[in-house]
K.L.:
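One structure, as structure tokens, below. Some questions next.
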Amino acid sequence: MFKQAKWSEPLVFELGAPGRIGVALPEVDSEVRRVVGEVKIPSSMRRSSPPRLPELSEVEVIRHYTRLTQMSYGVDNGSVPLGSCTMKYNPRIAWDIAFNSEIEELHPLQDERTVQGLLEVMFELQKWLASITGMDICTLHPAAGAHGELAGVLVIRRYHEVKGQLERKTEIVIPDSAHGTNPASAAMAGFKVIEVSTGPDGNVDIEALKSVVGDSTAGLMITNPSTLGLFEEHILEISQLLHEYDALLYYDGANLNGIMGYARPGDMGFDIAHINIHKTFSSPHGGGGPGAGPVCIKERGVSSERGIKLSDLLPGYIVYYDEERGLYRLRGPGPYSVGLLKSFFANTVPLLWAYVYILMMGPQGLRAATEHAVLVTNYFAKLTSEIRGFELPYGRGRFRKHEVVLSAKPLADETGVTAEDVAKGLLDAGLYAPTIYFPLIVKEALQTEFTETETPESIERYVARLREISEVAYKNPSEPKSWPLNTSIGRINAAKANHPRHLAPTWRVYVKRLKGEIE
Ligand SMILES: Cc1ncc(COP(=O)(O)O)c(C=O)c1O
């Protein structure tokens, strides 16, 4: 069983001593000085005193970060079945290529003739993503799924603006099973969010949808398969209904890995789609670091008099091949585009990772990844259906795609042991918890997604622990409240941890809080 280490590790700011140093930088030689010249920072931009940075020796740095990794858990330790997040194993071959110094040392302002190889790879990736999603054109520009969503709804906004109907097109319809980023993106783009309910079969309640879609509908955002892991069976009817009102259909591609190689949003009537590279195509999630959320569209006319097409509205840059010059080049945002949503072209490291994954898998491999993900999900769902205290709400009897949402409501009602307690019981046994309390429409939700690389044995181990937790809950319901006992950090106060008043995003804020200088 995996056990986290329990170091009482100080913050890096609390380690070291003034003047201690871990690197030996070379002297700037006269040649460098001649080429670069004297760098003069204007006095207005200089600080009066140097920033208080940690000063540590090399070995202190190595030990500090090694100890932190020993207190942690990741997909290299075991499965991370966090539903919706799709924590795929990150193949090492892609690591070698993406973290190559020849890539890392490139500069975004470099002359395009010196980065032809990288641009060609990005050009290919644009085409592959368009083909996998059944769309026509992709931009790799956005930096995450949620960023792609914002880009997509801004395209919807611009679409209605160019057509002179934005005043009336004020609403975006979103199912109640959606990820929180969907309504957040729609609201950020200035739309009113209209929620539509899910029926007991797990599909959007089509009558409820018909009652809210109308002249003011600008678009609909939906993920398919849904966050319940269920394929939306009315998708063609939904797209027809939306298009009748000249509303655009937006595909949240976070769950593309549930249908990849088998079905394509472009064939379902979607106009715009984002792809979470770090989910479907195995790039690391990177702890909130630079990601990529390409946006793809199905080409369609927006204004025939002005010759504007949907692709003219896309944000950021698109790589194209300039036949005349024989060069791959970047086309920046035109006059009708949503504009730049970040500096420069795109975060190329996660994109390269995706390129390697797709190249390595090939079309058959991508289909096989989907098949395995669906197989392990349904194997898990079948095994857990026999455990006392858990049930499968929505779509009873239907096969799941890439993920499944269990409910621990019977367990909570009968013993007082909640989904959170179950999650802590999993952590305690050296396993990783599923996503809990999401989607919001499922009471005591445990949203579980193993991904394609998990073996039957690892699923069986997980299910055995769930069975053990259920047995403990019915025998001694107070025991789960003390879990976890075997992790580096015990049970935290989740409500307090989520409250912005208790956040210390910087060292300075942390120290001020400690001294009681700020609340
Ligand atoms: C269904 C769904 N949509 C959108 C997102 C947002 O993607 P990202 O985390 O890349 O911003 C997520 C993230 O987990 C998701 O699960």
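Note that the structure is predicted; figures quoted are calculated from it, not measured. All ligand and atom numbering here is 1-based and tracks the order in the structure.
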K.L.:
Any sub-3.5 Å donor-acceptor pair from D205's side-chain atoms to N203's backbone N or O?
P.N.:
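No, the answer is negative, given that no donor and acceptor are paired below the 3.5 Å cut-off.
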K.L.:
Would you say Y89 and E452 are linked by a side-chain donor-acceptor pair, where the criterion is simply a distance under 3.5 Å?
P.N.:
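The answer is no; no qualifying pair exists.
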K.L.:
Among pairs that include at least one residue of residues 257-280, which meet salt bridge (charged side-chain N to carboxylate O under 4.0 Å, His left out), considering only residues two or more places apart or in two chains?
P.N.:
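Every pair satisfying salt bridge (charged side-chain N to carboxylate O under 4.0 Å, His left out) with a residue in residues 257-280: R264-D267, D271-R300.
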K.L.:
Using a 4.0 angstrom limit on heavy atoms, which residues are close to ligand 1?
P.N.:
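Answer by chain and number: S84, A144, G145, A146, E149, H179, T181, D252, A254, N276, H278, K279.
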K.L.:
Between the side chains of Q4 and T487, is a donor N or O closer than 3.5 angstrom to an acceptor N or O?
P.N.:
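Absent: no donor and acceptor within the cut-off.
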K.L.:
Mind checking what makes salt bridge (charged side-chain N to carboxylate O under 4.0 Å, His left out) contact with K382, not counting sequence neighbours?
P.N.:
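Listed in chain order: E386.
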K.L.:
Scan for disulfide (SG to SG under 2.5 Å) pairs involving residues 79-109, sequence neighbours excluded, and state none if there are none.
P.N.:
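Passing the test, one end in residues 79-109: no pairs.
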